[in-house]
Amino acid sequence: MPPTPRGPLERVRRTFRARVAGDPTGAPRWVRDVALVGGRDGWFDPHGVVWAVHGGLSTLVGGLVALLGQAAHPLALAGVQGHSDYREDPWARLAGTARWLVVCTFGSAELAERDCARVRGMHRRVRGRTDDGRAYSARDADLLRWVHLAFTDAFLAAHRELGADLSGRFGPRWADAYVRDWARTAQALGATDLPASEAELAEALAGFAPVLEPVPADLRRFLLAPPGLTRAEAPFYAGLTAAAELLLSPVLAPSAGAPGRAARGPGERLRLAATRTQLRALRAVTGREPWEQAGRYRTGTGPRPTWL
């Protein structure tokens, strides 16, 4: 049984983990599977760049950047709006996305393949037409490619601005390694023609510019201030969204109605510095998250978690 919360710091930990993982302990069954299912080998090296990027709390901002950017593609947006209950329960959708990210990053190869099969099964049901008659399908390789590009660009930008400098560990081309390695997950879902470097990623995103449309104002408001935030969470979340608007690719920022990465005056730099401070403070409270603890235990690079 999880321990009874003790004091305000424990309440913060449990609230945060409930938001991200759907469980106040941070260790629902699928996180425990990361620790226990399959062999030591996963899709990514525990000492590699993907673990380093996804183990940081910059992913909180990266997720917001990805959602804002992905919504600029009208067919991708139609699939979400027509086949998701994100407006009724946005936190459940967040937890569902976090599950796929966590399992693919920190889980065994067997578990990652199983979860990608789960997502492919969900995608089979996501198809239809937009209000103006355009057909869409979540299994379409071009749409899968779009979602991957926006996701990869978002998490890369968030870590570069808000996370630890990885040049000392992985060299000055660490971003190329991240783009190349993370493509494996999109290939498992059916995407093709994926970039293998940061430059190729930027070029691929620019190729979608002609089909992008403005993100609907009501969706933008929803993403920047979702319902259900507590009085304590609202200002923290506002700090994350303010940074997210500054991290969008110049290709996507106009459609999202955001300044994007082209805006870097004193005010924007101060905003990003404030968000870095927020994330450091949260990490001091939460420590290493259960999902990374689980992966390190299974791979023999960390101790058995106390919650297991």
Side-chain angles (χ1 to χ4, degrees), residues 20 34 41-70 73 76 96-120 123 138 141-167 169-208 244 247-249 251-252 289 291-292 295-296 299:
V20 176
V34 170
D41 290 341
W43 283 355
F44 305 106
D45 184 347
H47 303 292
V49 68
V50 171
W51 277 53
V53 171
H54 293 172
L57 288 182
S58 64
T59 54
L60 296 177
V61 179
L64 290 170
V65 179
L67 290 173
L68 281 168
Q70 289 165 354
H73 194 301
T97 301
R99 170 181 172 174
W100 176 78
L101 171 71
V102 163
V103 168
C104 288
T105 300
F106 302 111
S108 66
E110 174 188 339
L111 194 63
E113 289 162 1
R114 191 172 81 185
D115 210 61
C116 283
R118 176 185 66 87
V119 173
R120 289 195 301 269
H123 284 174
D142 199 48
L143 278 185
L144 288 167
R145 181 171 180 261
W146 162 254
V147 170
H148 170 75
L149 295 177
F151 179 103
T152 305
D153 180 78
F155 278 70
L156 179 58
H159 189 89
R160 190 188 295 283
E161 287 280 5
L162 305 172
D165 182 12
L166 299 180
S167 299
R169 292 173 60 186
F170 303 110
R173 304 292 295 273
W174 67 266
D176 289 346
Y178 174 73
V179 172
R180 181 182 62 251
D181 292 355
W182 185 242
R184 179 170 187 171
T185 58
Q187 291 168 344
L189 296 181
T192 57
D193 190 23
L194 301 175
S197 70
E198 188 174 15
E200 290 181 7
L201 173 63
E203 182 180 2
L205 272 178
F208 277 90
L247 295 178
L248 279 156
S249 161
V251 175
L252 309 181
E289 298 306 330
W291 36 93
E292 185 175 355
R296 294 208 173 275
T299 58

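Bear in mind that the values here come from a model prediction, so they are computed numbers and not experimental data. In what follows, every heavy atom counts, from backbone to side chain, and hydrogens, waters and symmetry copies are set aside.
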For residues 52-61, tabulate all N or O donor-acceptor pairs below 3.5 Å that involve a side-chain atom, not counting sequence neighbours.
unit_1 : atom_1 : unit_2 : atom_2 : d
H54    : ND1    : T105   : OG1    : 2.8
H54    : NE2    : Y178   : OH     : 2.8
T59    : OG1    : G56    : O      : 3.0

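With hydrogens and angles ignored, the 3.5 Å screen pairs a side-chain donor or acceptor of W146 with a backbone N or O of Q70. The backbone N or O of A157 lies less than 3.5 Å from no partner atom in the side chain of E161, so there is not a single donor-acceptor pair.
In plain terms, the two heavy atoms of A175 and E198 that are nearest each other are CB-OE1, 3.5 Å. Pairing each heavy atom of G62 with each of A154, the nearest pair is O-CB, 3.4 Å.
For T185, there are no side chain to side chain donor-acceptor pair (under 3.5 Å) partners at least two apart in sequence or on another chain. Under the side chain to side chain donor-acceptor pair (under 3.5 Å) criterion, R118 pairs with D115, sequence neighbours left out. S197 meets the side chain to side chain donor-acceptor pair (under 3.5 Å) test with no other residue; sequence neighbours excluded. Under the rule for a ring pair (Phe, Tyr, Trp, His ring centres under 6.0 Å), W43 has no partner lying at least two apart in sequence or in another chain. Under the rule for a side chain to side chain donor-acceptor pair (under 3.5 Å), S108 has no partner lying at least two apart in sequence or in another chain.
Proximity of the aromatic rings of F151 and W182 is defined here by a centroid distance below 6.0 angstrom, and this criterion is met.
In this structure, L189 and R120 have side chains that are in contact, with non-hydrogen atoms separated by less than 4.5 Å. W174 has its side chain within reach of V49: a pair of non-hydrogen atoms, C-beta onward, lies under 4.5 Å apart. You'll find the side chain of V50 stays beyond 4.5 Å of the side chain of F155, heavy atoms only. Counting heavy atoms from C-beta on, the side chains of D153 and V251 never come closer than 4.5 Å.
Taken to the nearest 0.5 Å, the CG atom of L149 stands 9.0 Å off from the CG atom of D193. Taken from CH2 in W51 to CZ in F44, the straight-line distance is 11.0 Å, to the nearest 0.5 Å. For the atom pair CG (L252) and CG (L68), the distance works out to 9.5 Å, reported to the nearest 0.5 Å.
More than 12 heavy atoms of other residues, nucleotides or ligands shown are found within 6.0 angstrom of CD on Q187.
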Should E289 and V102 be marked as a side chain to side chain contact (heavy atoms under 4.5 Å, CB included) after you check the CA-CA gap, both sets of side-chain angles, and the distance that decides it?
CA-CA 11 Å; E289 298 306 330; V102 163; over 6 Å; no
Run the side chain to side chain contact (heavy atoms under 4.5 Å, CB included) test on T192 and R145 for me, step by step, so that the C-alpha distance in whole Å, both residues' side-chain angles and the decisive distance to 0.1 Å come before the verdict.
CA-CA 7 Å; T192 57; R145 181 171 180 261; 5.7 Å; no
